[in-house]
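Quick notes on the structure that follows.
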Amino acid sequence: MTIEKLLVANRGEIALRIMRTAREMGIQTVAIYSEADRNALHVRYADEAVYVGPAPSSESYLRADIIIDVCKQLNVDAIHPGYGFLSENANFARLVREAGLLFIGPSPESIEVMGSKLAAKAAVATYNIPMVPGTPSAITDRSEAKIISAKIGYPILIKASAGGGGKGMRVVESEADFDEQMDRAVSEAQSAFGDGSVFIEKYVTSPRHVEIQVLGDQHGNIIHLFERECSVQRRHQKVVEEAPSAILTPEIRDAMGRAAVDVARACGYYGAGTVEFIVNDKLDFYFLEMNTRLQVEHPVTEQITGVDLVKQMIYIAEGKPLAIRQEDLEIKGHAVEVRVYAEDPANNFLPDVGTLDTYVRPQGNGVRVDDGFEQGMAIPIYYDPMIAKLITYGDSREEAIQKMIRAIDEYQISGVQTTLPFCRFVMEHDAFRSGQFDTGFVSKYFTPDKLTPAPDVAESELAAVLAAYLLNNTRPNAGRTQQNGENIQVTTQKSNWKANRLR
């Protein structure tokens, strides 16, 4: 089946990113939007846009029934869920399939297996994939759990089976702390996921978070597209990512890639997915989980491989076999991504939503900005406060980092506090520059007093004018008339765009 019309069941930068590839492929796009996103860029970019409900996601972006009804009304062929919202909801994928639509992602069965950490471990057990020592099933007997924990050796980690994003996860340093941390983990898991099941793993000290991107088609072909290093995190959530990792040897990279392919094969996976591993200070790696969707940090993989992952996902959903073989792929250069959140790093990274009074993107060779905002727009309080993803690419890691520092300095945002100063701190820190860091980077090295204040926008504009004046009056032929460049914001809007409303 060839997809002619695609609905993107998401919002913001990822909706725009998917729509741009679809447009390149000659596919018409349909956006959905909540009341909070009525004037959003993804709404204006799409060929058609449909109102699906009030601002809270439970009343709009999570309304599977309304989304599928929109598809039927507008003769949509396929749905791309992006990430977040319904992207890893097996029931939604099943409803899409039952409605005769293509779900651009894996099968509902694969989502279900990999959606449970315990089920995922059981599925890959026959493939001899390294796993962190721990319990093979959910904990039901605390006395037995304490015996197992003592045998594994403290510290241990109590983790939610259905968890993610650090929720339902507790480090236990000794048996004396076990009951308290167990209660907290179960409570958090039940609150966040509606499932209080937890299990035990050995806590790996000085861990690094390294993940492998995989692609599989519906004909049994699976490849990996190398790794991403995602160890700089706050609250167990990623802030800085890069590809490739600064520490993997070719041998370990190959072994991790083969293990990731086996994980995908274990659940009959097709589409784009990410297999996450934890790596210790001896470069031993252990399987953590599989994310059955496109990842936020997928651009760094695209930069070093030249593969458009969204385009491949669409081809796979159409039933086409992979045209890329493992031997066709090689790492070219280095890419770094920072997530620009409306958060105040000087105040424990608490959200700082508001209006973007100033919003000027960095530009230039090797700079990519994936965003869904423009100057004057408000950042809704109802959703994740990520403003943009800033990606830089260079021939070497050092070049990519230097471009990132330059891009951060050129990124002008006022009206809200952002994580940009923190990201600059990371780029300049010796631990990051040397590659010798782990998931404890923030707790080990960062305090608010180490932040360099962002330059005042008015002062930076004045400095730019002065620099241009000096340049024009100190070079040869300075008396000739010069044309000053201006930052011009252009918003593309198709003339045939129309907004359909569903009430």
Side-chain angles (χ1 to χ4, degrees), residues 17 208-215 223-233 238-257 260 272 274-277 279 283 285 294-310 312 324 326-340 361-371 388-411 419-420 422-439 441 445:
R17 186 263 169 276
R208 294 181 74 125
H209 185 132
V210 180
E211 59 191 29
I212 304 288
Q213 176 72 58
V214 296
L215 279 176
I223 60 172
H224 71 84
L225 291 87
F226 312 112
E227 81 278 4
R228 296 186 288 257
E229 171 80 57
C230 308
S231 298
V232 179
Q233 306 175 0
K238 306 162 191 172
V239 185
V240 177
E241 299 104 348
E242 61 179 311
S245 169
I247 61 166
L248 295 194
T249 65
E251 294 76 20
I252 295 174
R253 176 175 293 117
D254 181 63
M256 291 182 73
T274 298
V275 181
E276 301 196 353
F277 295 93
V279 181
L283 298 187
F285 64 90
L294 194 65
Q295 291 280 89
V296 175
E297 59 272 20
H298 76 273
V300 293
T301 296
E302 293 183 325
Q303 295 297 113
I304 67 165
T305 63
V307 176
D308 184 326
L309 292 174
V310 171
Q312 294 302 316
I324 308 169
Q326 191 66 59
E327 55 267 29
D328 296 332
L329 294 166
E330 61 177 319
I331 296 172
K332 297 180 180 179
H334 199 97
V336 178
E337 174 181 302
V338 302
R339 302 189 190 187
V340 185
R361 303 170 184 86
Q363 300 180 45
N365 181 42
V367 176
R368 168 177 168 177
V369 180
D370 285 16
D371 65 4
K389 301 181 306 194
L390 174 59
I391 305 102
T392 55
Y393 173 81
D395 291 335
S396 65
R397 185 171 187 263
E398 177 63 23
E399 183 178 334
I401 291 173
Q402 287 301 123
K403 285 187 178 182
M404 179 59 73
I405 293 172
R406 186 265 294 175
I408 289 173
D409 288 345
E410 291 181 3
Y411 215 144
T419 50
L420 282 172
F422 168 75
C423 294
R424 195 184 200 285
F425 167 81
V426 175
M427 293 299 115
E428 294 185 319
H429 198 279
D430 289 343
F432 183 79
R433 298 297 283 260
S434 67
Q436 301 305 309
F437 60 95
D438 55 43
T439 56
F441 180 93
Y445 304 118

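The structure presented is a predicted model; accordingly, all values stated were derived computationally and were not measured.
Contact annotation: the side chain of T305 never approaches that of I324 to less than 4.5 Å [non-hydrogen atoms, C-beta and beyond]. Side-chain contact between V232 and F422: present, with at least one pair of heavy atoms (C-beta onward) separated by less than 4.5 Å. The side-chain heavy atoms of F285 and L248, taken from C-beta on, include no pair separated by under 4.5 Å. Side chains of I304 and K332 form no contact here, defined as non-hydrogen atoms less than 4.5 Å apart. Residues Q295 and L309 have side chains not in contact (no heavy-atom distance under 4.5 Å, counting atoms from C-beta outward). In this structure, the side chains of F437 and V426 stay at 4.5 Å or more apart for every pair of heavy atoms.
Here the CD1-CZ distance, from I401 to R433, works out to 5.0 Å after rounding to the nearest 0.5 Å. Distance check, rounded to the nearest 0.5 Å: CG of D409 to CE of M427 gives 12.0 Å. Separating the CZ atom in F226 from the CD atom in E330 is a distance of 7.5 Å, to the nearest 0.5 Å. Distance CG/L390 to CG/L420: 7.0 Å, rounded to 0.5 Å. Rounding to the nearest 0.5 Å places CD of Q312 at 12.0 Å from CG of L294. Expressed to the nearest 0.5 Å, how far CG of L225 lies from OG1 of T301 amounts to 7.0 Å.
Checked against a 6.0 Å centroid threshold, the rings of H429 and F441 count as neighbours.
Between K403 and D395, none of the side-chain N atoms (NZ, or NE/NH1/NH2) sits under 4.0 Å from a carboxylate O, so this pair counts as no salt bridge. Comment: E241 engages R339 in a salt bridge, judged by a side-chain N to carboxylate O separation of less than 4.0 angstrom.
Here E229 pairs with R208, S231, S245 under the side chain to side chain donor-acceptor pair (under 3.5 Å) rule; sequence neighbours left out.
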Residues E337, D370; criterion side-chain contact (heavy atoms from CB on, under 4.5 Å); working and verdict: CA-CA 10 Å; E337 174 181 302; D370 285 16; over 6 Å; no
task: Determine, step by step, whether V307 and L329 satisfy the side-chain contact (heavy atoms from CB on, under 4.5 Å) criterion, reporting the C-alpha distance in whole Å, the side-chain angles of both residues, the deciding distance to 0.1 Å, and the verdict.
output: CA-CA 9 Å; V307 176; L329 294 166; 4.0 Å; yes
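Here the closest heavy-atom approach between residue P299 and residue V296 is recorded as CD-O, 3.3 Å. Residue V367 comes nearest to P362 through the heavy atom pair CG1-O, 4.0 Å, listed as atom of the first residue, atom of the second, then distance. Here the shortest heavy-atom pairing between K389 and H298 reads NZ-CE1, 3.9 Å. When all heavy atoms of F277 and A260 are compared, the pair lying nearest together is CZ-N, 4.0 Å. Across every non-hydrogen atom of Y411 and V369, the tightest pair is OH-CG1, 3.7 Å. V336 and H334 make their closest contact through CG2-CD2, 4.0 Å (heavy atoms, listed as atom of the first residue, atom of the second, distance).
None of R228, E227, H224 except one satisfies the side chain to side chain donor-acceptor pair (under 3.5 Å) rule with Q213; the exception is R228. A side-chain contact (heavy atoms from CB on, under 4.5 Å) with I391 is found for one member of E297, M404, R368 and no other, namely R368.
Although no hydrogens or angles enter the test, the distance criterion places no donor-acceptor pair under 3.5 Å between the side chain of T392 and the main chain of G366.
A cation-pi contact, defined as under 6.0 Å to the ring centre and within 45° of the axis, is absent between R424 and F432.
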